[in-house]
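Read through the structure below, which is laid out as structure tokens, and then see the notes.
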Amino acid sequence: MSMNTSRGYTLIELMVAVGLFAIIMTLAAGAYLLMINANRQAQARASGINNLAFAAETMLRTIRTGRNYTCGTSGDCTNGGTTFSVIDQNGAQQTFSSANGAITQNGIALTDPSVTITSLTFYARGTAVAPTDYLQPYAIVTITGTVSAGPNATQSFNVETSAAMRGSDI
């Protein structure tokens with residue numbers, strides 16, 4: 001008579017293995033969901049920043065190719081102004097300002113609702129059309145605000161850029 005000494009897994013060993021597998025898979029699924037959320041927030045931020053870049057480029061292209069710069073109610077504004085007007089290349093007046101947290105062009109918002117503008121300031125020099133003015137007209141624009149990527153994910157930004165008039169005002 002020979003005795004069979006081979007043994008299989010016991011029920012306890014099987015329960016421990018399944019329990020460990022369940023814990024590991026739960027942690028992996030949680031990490032995967034966190035990565036999906038982080039990716040969505042990163043894409044939302046990138047979309048907001050791209051929208052801000054588009055609005056700033058639209059505004060600066062109009063300023064660069066325009067003429068007759070006016071900052072607020074006067075020409076030069078070395079202390080900064082909240083509105084900026086320019087005659088574009090087609091001869092139409094374009095006015096840029098900030099309203100309801102957006103950059104606006106003639107009252108039409110250029111930025112997405114995910115971008116909130118808290119400060120838009122224009123500085124202009126060389127705007128006078130006079131025989132004694134030898135400065136090339138240029139404008140400096142500072143933009144401060146936040147980009148929202150969800151209820152608890154906002155990114156603040158400060159942007160400063162400038163544009164000089166392409167043509168001569170002499």
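Note that the structure is a prediction, hence the values are computed from the model and not measured.
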- Query: Does D112 use its side chain to pair, donor to acceptor, with the backbone of N51 at less than 3.5 Å?
  - Reply: no
- Task: Measure from the side-chain N and O atoms of N106 to the backbone N and O of T95, and report whether any donor-acceptor pair falls under 3.5 Å.
- Result: yes
Which heavy atom of [X] sits nearest a heavy atom of [Y], and at what distance?
X: T104; Y: S98; answer: OG1-N, 4.3 Å
X: Y123; Y: N79; answer: CE2-C, 3.6 Å
X: G101; Y: T111; answer: O-OG1, 4.4 Å
X: M165; Y: G66; answer: CG-O, 3.1 Å
X: Y138; Y: A164; answer: CB-CA, 3.8 Å

From [atom1] ([X]) to [atom2] ([Y]), nearest 0.5 Å:
X: T142; Y: F122; atom1: OG1; atom2: CZ; answer: 8.5 Å
X: R125; Y: Q136; atom1: CZ; atom2: CD; answer: 13.5 Å
X: T161; Y: L60; atom1: OG1; atom2: CG; answer: 4.5 Å
X: L120; Y: T83; atom1: CG; atom2: OG1; answer: 9.5 Å
X: S97; Y: I117; atom1: OG; atom2: CD1; answer: 11.5 Å
X: I87; Y: T65; atom1: CD1; atom2: OG1; answer: 12.0 Å

- Message: Quick one, M59 and Q105 - any side-chain contact, counting heavy atoms below 4.5 Å?
- Response: no
- Task: Please assess V115 against F157 for the test side-chain contact (heavy atoms from CB on, under 4.5 Å), listing each intermediate value before the final yes or no.
- Result: CA-CA 10 Å; V115 178; F157 62 85; 4.1 Å; yes
- V159 reachable from V147 in the ILVMFWY side-chain graph, under 4.5 Å edges: yes
- Over 12 foreign heavy atoms within 6.0 Å of CG, N90: yes
Donor-acceptor pairs under 3.5 angstrom involving side-chain atoms of residues 35-47: please list them, not counting sequence neighbours.
none

- Decide side-chain contact (heavy atoms from CB on, under 4.5 Å) for T62 and F96; before the verdict, give the C-alpha distance in whole Å, the side-chain angles of both, and the deciding distance to 0.1 Å. CA-CA 10 Å; T62 302; F96 298 98; 3.8 Å; yes
- Message: When you compare the side chains of S114 and S148, does any donor N or O come within less than 3.5 Å of an acceptor on the partner?
- Response: no
